[in-house]
Amino acid sequence: MNRNVSSVIAGNEVTGAPGGRLCSVNPARTSEVVAEVSLGDAKTFAGAARAARAAQRSWSDVPAPVRGRAIAHIGRAVEANADALARLVTLEIGKPYAEALGEVREVVDTCDFFLGEGRRLYGHTVPSEMPDKQLFTFRNPVGVVAVITAGNFPVAVPSWYLIPALLCGNSVVWKPAEYAAASARALFELVVRGGGLPDGALNVVLADGEETFAGLGIALGEGCVDKVGFTGSSTVGARIGELAGRHLQSPCLELGGKNPMVVAPSADIDLAVAAALFSGFGTAGQRCTSLGTVIVHEDVTDEFTGKFDEATRRAVVGDPFGDVLFGPMLDARFGSRFEEYLSWIGPHHRLLGSTGTGRITAANPREGFLGDPEIGIFYHPTIVAGLREEDALFREETFGPLVALMSYRDLDEAIQLANAPGYGLSSSLYTRDPAEAFRFRRGICSGMVSINNSTSGAEAHLPFGGNGRSGNGSRQSGIWVLDQFTRWQSMNWDYSGSLQKAQMDVTELSADESFRLTW
Ligand code: UN1
């Protein structure tokens, strides 16, 4: 498999590569090219936004239930191609096949949820304070939505934007991660062809970050983008938020996380270890919901640490088409960035989980590795104990297979430590004490809380999103995302035949204020 992939605007493949060309390679075997990618530039992005603007009105004229049927067809198309799509995801970003299949399932779940929303998109009928007058609310599409997504979930996370945005009657310009361009093009084709969408309703632009940012600036300036959705790092999210804010827009931002897991003394330790293993190292720790720091009660620290260390040492790393805990990094750039995080390890830290740290090679081997580590971008899983609050490893997201470990004395301290880095995406508590569970829920500043479940693995129809450094409070998924992709319009209709002035012409009943109860 080796395909050329380019942008598609208003149904036409963009020819040429004003933004240059790159190869999307298999990170488990970097000599294998998955796709040759022709990149667009800022003008390409702005052109796509204009095309989306031109197509938006006629797309929103399609009745919502008919748009819902299109979403139903997209879901079935993705389901029918699940294996091929999941294989492509594994090939292109190195996520284990079982996880890739789960991610494809998440696209189908999203379609299943929104296909029915086409027959709802409810507004309200609201009573008026005056007779012969009726009030209403309607959901209107926002217009053109620009969606910029990361490549760690190259099909599921984009679907959280594309599917509801299209269902609500918006047209979309989607800029996926360049290093996951083939998976993106595959999803694009399933959505456009599977759903039978008209040209321009969905456009895909392949471009690097800076060209995208410049193009977004142009499009916002021309009034061709009405809503920005972004999933990626907190640093880039802050830049996008600033740009959108200058145009009086509030974007939907889904950013990084330093997701804590608190292990209370009453916890089922084996269960907590299994969860820490999955959420710390699944997807090689490259989920926004990946576990950042385990905060363990001091009474069970030794037990938890011993078991977590052992489970991590035993875990199989390697070929993502095999039965492994995790495969390679998504792309070379994530390998280099991870090395920077590893450089934050100091002399006061204690390393667990592996016999080595850093890149897995013949000279720095990992026992039980599946395949040949030299041909891909593989890293040792690392558990760092002995953390202090002032450590960068405690405060910053470390996108990669690294989990930090700390101890706590009482729940208030655990909550304080869990909130201290200032992110607020996902969190988890292992306990058998229900009062502790509700106290934790109340005290934690994260958008998502798991009790006796890991920090990752959110279902596709609960609100997904974070606070603080993890986002601006926007929520995706389920009914909650409708507020991102529609705007409320209120209408009042006076059929009294006279000008009834609100607040001034209201007739109240005469209440007897002097009445007192004597029983
Ligand atoms: C992300 O990493 O951006 O809850 C999304 C989870 C997945 C989604 C992660 N369902 O881990």
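Just so you know, ligand 1 is whichever comes first in the structure, and atom 1 is the first atom listed for that ligand.
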Students often mix this up, so state it plainly: with edges at 30° and 60°, are the rings of F304 and F308 parallel, tilted or perpendicular? tilted

Mind jotting down which residue pairs meet the side-chain hydrogen bond (donor to acceptor under 3.5 Å, both in side chains) criterion with at least one end in residues 202-215? Sequence neighbours excluded, please.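 Matches after skipping sequence neighbours: E210-R239.
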
Test: K95 cationic atom under 6.0 Å from F153 six-membered ring centre, within 45° of axis: yes

I need the contact residues for ligand 1: any residue with a non-hydrogen atom closer than 4.0 Å to the ligand, ordered by chain then number.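 Contacting ligand 1 under 4.0 Å are E106, N152, F153, V157, W160, E254, R287, C288, T289, S456, G457, A458, F464.
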
Between W174 and F188, is the gap from one ring center to the other below 6.0 Å?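 Not close enough - the centres of the two rings lie 6.0 Å or further apart.
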
Which residues pass the side-chain contact (heavy atoms from CB on, under 4.5 Å) test with A28, not counting sequence neighbours?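 Applying side-chain contact (heavy atoms from CB on, under 4.5 Å) to A28 gives N26, P320, P328, F378.
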
Sequence neighbours excluded, which residues qualify as ring pair (Phe, Tyr, Trp, His ring centres under 6.0 Å) partners of F281?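 If we apply the ring pair (Phe, Tyr, Trp, His ring centres under 6.0 Å) test to F281, skipping adjacent residues, there are no hits.
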
